[in-house]
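Comments concern the structure below.
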Amino acid sequence: WVDATDAEWRRKYTQRLGIPAPHNDPRFSTVAHQADTELSLCLGLLRAHLPWTRRTFIVTMAPQRPSGITNETVVHHSEMGLPLVFNSFAIESRLHAIPGLAERFIYFNDDVFVLRPLRKSAFFLANGMPIVRGVPTDNKPPANGWEKSNEQTSQLVSKMNTSRYVHKISLPHLPLAMTRRNFLEAERYGALREAWARTTSCAQRYHCDELIPTLVVLLLQLGEGSTV
């Protein structure tokens with residue numbers, strides 16, 4: 001989550017990237033009281049429909065702290081070992097470093113909403129194995145930065161071990177069931193180490209040929225049979 005109306009955040013954005021901070025996108029409203037509207041709705045629905053979750057972490061840049069939180073824990077980028085970045089891929093590359101994160105967790109963006117009650121079995125099997133919901137890709141050339149990053153990530157993983165890797169999916173905008181173990185393995189995997197480190201340090205999305213860490217983890221889980 002980010003409050004893009006925050007003057008200090010906007011100053012850092014311009015200083016680090018050399019471009020003006022976003023203002024026209026309605027998600028980056030310049031009206032301060034609207035800054036965490038999506039997040040407040042997301043959290044309210046989580047409390048109502050996933051009451052079995054133990055802890056909820058909100059990742060943001062220091063010193064920001066959203067209003068409307070109750071027992072949620074705010075985690076700043078620096079606590080996860082991140083440099084100054086404005087790139088969701090970079091932030092995702094350090095999700096497993098959230099202090100106190102459980103071995104099995106569900107990753108949400110702040111604009112993802114749970115509209116009805118769901119059980120644990122919607123995300124994990126009884127043995128703890130995560131359930132993946134991906135979108136099969138076609139063979140069309142990437143039409144935008146998001147599709148290009150999906151394609152690059154899939155190609156990188158497919159080259160690692162073709163005997164295990166048989167899946168080609170696009171990352172859906174849905175809650176993602178994941179494990180810390182798979183994140184740690186992906187980060188340390190020899191064939192991925194350089195691209196992963198480049199992603200972590202990439203200040204702006206789509207500017208460093210970075211990979212999509214959450215997609216890497218899902219593809220590796222599928223390849224090794226540790227997810228369904």
Side-chain angles (χ1 to χ4, degrees), residues 1-4 6 8-25 27-28 39 57-64 74-99 101 105 107-112 134 137 141-160 168-174 176 178 180 182-221:
W1 173 82
V2 62
D3 177 4
D6 176 49
E8 180 62 12
W9 182 90
R10 297 175 68 82
R11 183 192 67 79
K12 290 178 180 178
Y13 186 101
T14 299
Q15 184 179 51
R16 179 74 170 90
L17 303 182
I19 57 176
H23 62 281
N24 291 326
D25 189 320
R27 291 194 60 206
F28 299 99
L39 178 63
F57 299 93
I58 301 170
V59 175
T60 189
M61 183 181 292
Q64 293 190 1
V74 175
V75 178
H76 291 131
H77 294 174
S78 56
E79 298 177 70
M80 301 160 58
L82 279 165
L84 181 61
V85 294
F86 301 84
N87 178 355
S88 60
F89 296 162
I91 296 166
E92 288 177 2
S93 77
R94 298 295 298 166
L95 289 179
H96 57 296
I98 293 174
L101 184 69
F105 66 96
Y107 171 52
F108 278 76
N109 287 115
D110 59 3
D111 59 349
V112 173
T137 60
N144 50 50
W146 172 251
E147 292 182 2
K148 180 181 178 182
S149 294
N150 268 271
E151 178 70 18
Q152 289 178 166
T153 300
S154 294
Q155 288 180 354
L156 180 62
V157 175
S158 69
K159 292 176 181 177
M160 289 167 46
K168 187 177 180 183
I169 61 174
S170 177
L171 193 67
H173 199 59
L174 295 170
L176 301 176
M178 318 198 82
R180 289 188 70 251
N182 286 112
F183 257 92
L184 287 167
E185 289 180 351
E187 181 184 40
R188 297 168 180 170
Y189 212 109
L192 294 172
R193 192 174 297 126
E194 181 179 338
W196 195 283
R198 184 171 64 246
T199 300
T200 300
S201 61
C202 185
Q204 186 178 10
R205 193 163 68 172
Y206 307 139
H207 282 67
C208 310
D209 285 332
E210 68 270 39
L211 49 75
I212 304 177
T214 46
L215 180 57
V216 169
V217 173
L218 294 180
L219 291 173
L220 290 178
Q221 288 176 169

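- Of all the heavy atoms in M80 and R94, the pair that sits closest is O-NE, 2.7 Å.
- Ring geometry for W146 versus F89: interplanar angle of 30 to 60°, hence tilted.
- When atom types are taken as modelled, the side chain of E79 and the backbone of V75 share no donor-acceptor pair closer than 3.5 angstrom.
- When every heavy atom of M61 is checked against every heavy atom of V85, the shortest pair comes out as CE-O, 3.5 Å.
- Heavy-atom minimum distance, E151 versus P142: CB-CG, 4.0 Å.
- Residues L84 and A203 come closest through the heavy atom pair O-CB, 4.2 Å.
- Between the SG atom in C202 and the NE2 atom in H207 there is a gap of 8.0 Å [rounded to 0.5 Å].
- Interatomic distance, CD1 of I58 versus CG of D110, reported as 9.5 Å (0.5 Å rounding).
- Residues passing the side-chain contact (heavy atoms from CB on, under 4.5 Å) test with A62 are H76, sequence neighbours excluded.
- N182 pairs with exactly one of M178, R180, E185 by the side chain to side chain contact (heavy atoms under 4.5 Å, CB included) rule, that one being E185.
- Under the side-chain hydrogen bond (donor to acceptor under 3.5 Å, both in side chains) criterion, Y107 pairs with E92, N109, sequence neighbours left out.
- Of the candidates T200, T60, L82, I91 forms a side chain to side chain contact (heavy atoms under 4.5 Å, CB included) with just one, namely L82.
- When the side-chain hydrogen bond (donor to acceptor under 3.5 Å, both in side chains) test is applied to Q152, no partner is found at least two apart in sequence or on another chain.
- Q204 places no side-chain N or O within 3.5 Å of a backbone atom of L17 that could act as its donor or acceptor partner.
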Would V216 and W196 satisfy side-chain contact (heavy atoms from CB on, under 4.5 Å), going step by step from the backbone distance to the final call? CA-CA 10 Å; V216 169; W196 195 283; 4.0 Å; yes

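- Under the ring pair (Phe, Tyr, Trp, His ring centres under 6.0 Å) criterion, Y13 pairs with W9, F86, sequence neighbours left out.
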Going through the distances and angles, do Y206 and N87 end up as a side-chain contact (heavy atoms from CB on, under 4.5 Å)? CA-CA 9 Å; Y206 307 139; N87 178 355; over 6 Å; no

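- For R11, the side-chain contact (heavy atoms from CB on, under 4.5 Å) partners two or more places apart in sequence, or in a different chain, are E8, Q15.
- Rounding to the nearest 0.5 Å places OG of S93 at 10.0 Å from CD of E210.
- Minimum heavy-atom separation, T199 to P213: CG2-CG, 4.1 Å.
- In this structure L156 satisfies the side-chain contact (heavy atoms from CB on, under 4.5 Å) test together with L192, A195, L211, sequence neighbours excluded.
- A donor-acceptor contact shorter than 3.5 Å links the side chain of R10 to the backbone of P22.
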Show the numbers, then the answer: is there a side-chain hydrogen bond (donor to acceptor under 3.5 Å, both in side chains) between D111 and H173? CA-CA 9 Å; D111 59 349; H173 199 59; 2.9 Å; yes

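- A side-chain donor-acceptor contact under 3.5 Å links T153 to the backbone of I212.
- Between L101 and H96, the shortest heavy-atom contact is CD2-CA, 4.0 Å.
- Considering only heavy atoms from C-beta on, V112 stays 4.5 Å or farther from L174 through its side chain.
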